[in-house]
Amino acid sequence: MVVRVSDAMRSSLPALAALLAVVGLARSVYVHFVVERPADLMDPRPAFDEELRPLAALLPPRGEVGYVTDEPIQSPGGKWQGPKQRFLQVQYAVAPVVLRYDEDRAPLVVVNARSERSLDEQIARRGLTLVARVTSGLAVARPK
Amino acid sequence: MNVLSAVAAIVLGGAGLAGLAFSGRVASASDRLLRATAAFVFGLGTWSAAYAASLLAFGAAERVRVLKDAAVALGGVALIAVRRRSTPAPQSVREVRDVPPPWLAATFALACAVVCLVFVEHSIRAPEGGFDAWMIWNSRARFIVRADDFRIAFSPRLLFWTHQDYPWLLPGLVAQWFAIGRTESPVIRVALAFAFGAATVAIVTCSLARLRGPRAALVGGLAMCSIPCFATFAASQQADVPLAAFVALAAALLAIALDDPQRPLRPLLLAGFAAGLGAWTKNDGIVYLVCIPAALLLRLRDVRAAGIFALGSAPLLALLFAFKLGLSPPNDFLLFTTRADFLARFVDARRWLEVIRLALRQVVYFQDFGLWVVGAAVLAVVLRRRLRADAAASVLGVSVLLALVLFGAIYVLQPHALGWMFWSSASRLFVQMWPALIVALVAAVPRKAAVELEDLEGDVRRQETENG
């Protein structure tokens, strides 16, 4: 009896595994090749690293620069990750330069804002002078 | 010279360690693939750990890197020589003859093809990898390779969100290939991500082929490949799938050692080494490093096995301590936790209940797991007696349970928003331990009586041959 139960389980397990596999694979195929359009793969979006390359060229090759933004990064406990994500994308792009968060008295300061208008407000409010604009809402400035 | 010395270190270092772990003669093609994959994973891990040790001890000069490669390669050659000289171990590899149905093999081939396609698709759509890839792992690699002083990568002057305290096996690999190739091409990061993903599948599948035969191997391989989140996590260039590869290797070696009545020391030692490499990959790896020997003690009362396992992990633990004490990188858990906060979180019953609720919801999280976790939970209930009776399945099963409990406690005690932290990391934790769970569950499935009898007869014949 024990052998028969064991054999039944043993023989049905591959079929069950195949069934679960088909469900999982169907989900993967649906998401990656139906919902996300395959046509987009021919023309993928540019890597953010490429978009931020002009910024790295404006900064020194090493050392520290300031970083200010109109969307404060939340300390632990917060849920909104957008400002953190934008800060860390810039940090990744400009490594090994160290970005000093909320530091506007460094010799050079990266200003990252949600809009051009907000960028100008940040520069004015913090007593900075524009050095160069990189993309919409992103610029390098220095203290007046 | 750089490329040659690097390849020699990975190949010879890995071959030496894998040769030590697998002492019997090669029994089948899948056994050969298991050994080759183990050599590859050991080689990559050891090469990166040796890089970190050489950086911490002697600095970043190119000649230090080449000398380190030479030392790893020579160490591998020495291990191979020692193994050849030593008395051949009794043949412990049983080739389990259990022919799987062709449709099962075809489904596995289909699953591998889909995983490869999703990997390519995801790598094209997100060439920088997932959030943590550029936030932590590849960012660290850039700092190490670009900075005049690699210590800047771990500086408290960086924002704590870069997680300077995370160990750096993966950044060490990426940084070395960046330096060797004199390029930061995404191909390097993508190739490493693919290698670890493929290795994880190969280790689970081939170790089950060795332990329980080809039918069990294909079931395990399907379970590994077809959870929907596996391909995307592999393509995300994060450290979770490399950690899964080391956990899989540790689980496979542990199962091989515990399945052998002689309980050989070498696979246990190398299982500890593999788990140690996991701890050098991610802080999460420390949890598995603690839970596996704890399970050995709890389930088997085997102090010797737990001690050998711990001994195997000692070099990597020493490296981890040297890094954490030598560079003192800030840790966000400690940075935002006072004793009062810690106690308040610990005694807050709502946090414990919330973690349990979130974990139960995760079982049916179709987007990431399909129906696999539900299936695994049902199988665990059905096989509960076999899970207790089989030494390998029992130890691996209890290791995973202990890891779940420890991770649950960490979720409760950590300072970030609980819901956000859980949803942003729970699936990745699951992928890390999924290989060990698959090996435990599939190893616990009873084998066909005829197959077991055939194996016993084979053992007797081999024993007679060895005795002349």
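Bear in mind that the values here come from a model prediction, so they are computed numbers and not experimental data.
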Can you tell which of [options] has the highest number of heavy-atom pairs within less than 4.5 Å of chain A?
| options | value |
| --- | --- |
| B/L383, B/V442, B/L159, B/T162 | B/L159 |
| B/R140, B/H122, B/M421, B/R215 | B/R215 |
| B/L218, B/L110, B/N138 | B/N138 |

Region of [X] that comes under 4.5 Å of a non-hydrogen atom in chain A:
| X | answer |
| --- | --- |
| B/Q367 | both |
| B/L379 | side chain |
| B/S424 | neither |
| B/D148 | side chain |

field: Check against side chain to side chain contact (heavy atoms under 4.5 Å, CB included), B/R125 and A/L41
entry: CA-CA 7 Å; B/R125 284 193 202 277; A/L41 293 174; 3.8 Å; yes
Stepwise side chain to side chain contact (heavy atoms under 4.5 Å, CB included) check, B/F366 with A/V23: CA-CA 10 Å; B/F366 186 79; A/V23 171; 3.5 Å; yes
- line: Applying a strict 4.5 Å limit to non-hydrogen atoms, the region of A/V97 in contact with chain B is backbone
Portion of A/Y92 that has a non-hydrogen atom of chain B nearer than 4.5 angstrom: both
message: How about CZ on B/R345, more than 12 heavy atoms from neighbouring residues, nucleotides or ligands closer than 6.0 Å, or not?
response: yes
- line: residues 117-125 of chain A vs chain B, non-hydrogen distance cutoff under 4.5 Å, contacting residues -> none
- line: Among residues 221-231 of chain B, residues within the sub-4.5 Å heavy-atom range of chain A, in order of number, are B/L222, B/S226, B/P228
- request: Take B/M135 and A/Q89 through the side chain to side chain contact (heavy atoms under 4.5 Å, CB included) test and state the conclusion after the steps.
  value: CA-CA 7 Å; B/M135 172 175 135; A/Q89 283 179 334; over 6 Å; no
How many angstroms lie between atom [atom1] of [X] and atom [atom2] of [Y], to the nearest 0.5 angstrom?
| X | Y | atom1 | atom2 | result |
| --- | --- | --- | --- | --- |
| B/F369 | A/L20 | CZ | CG | 14.0 Å |
| B/F131 | A/L88 | CZ | CG | 6.0 Å |
| A/L16 | B/L371 | CG | CG | 11.5 Å |
| A/L13 | B/L441 | CG | CG | 9.5 Å |

query: Does some side-chain heavy atom of B/W134 sit less than 4.5 Å from a side-chain heavy atom of A/Q85?
result: yes
- request: Using atom types as modelled and distance alone, determine if a side-chain donor or acceptor of B/E128 lies under 3.5 Å from a backbone N or O of A/F48.
  value: yes
statement: On a heavy-atom basis, the closest approach of A/P14 and B/V219 is CA-CG2, 3.8 Å
Minimum heavy-atom distance B/W103-A/A18, with the two atoms named: CZ3-CB, 3.8 Å
- request: Using salt bridge (Lys or Arg N to Asp or Glu O under 4.0 Å) as the criterion, list what pairs up with B/E184, not counting sequence neighbours.
  value: B/R142, B/R146
- prompt: Given B/V118 and A/F33, is the side chain to side chain contact (heavy atoms under 4.5 Å, CB included) satisfied, shown in steps?
  reply: CA-CA 8 Å; B/V118 172; A/F33 298 105; 3.9 Å; yes
- request: Go through A/S28, A/G24, A/A21, A/P38 and name the one with the most non-hydrogen pairs under 4.5 angstrom from chain B.
  value: A/A21
- request: Select, from A/A26, A/A93, A/P61, A/A47, the one with the greatest count of heavy-atom pairs under 4.5 Å involving chain B.
  value: A/A47
field: Any residue meeting side-chain contact (heavy atoms from CB on, under 4.5 Å) with A/V98, in chain and number order, not counting sequence neighbours
entry: A/E64, A/R100, B/F143, B/I152, B/R157, B/L158
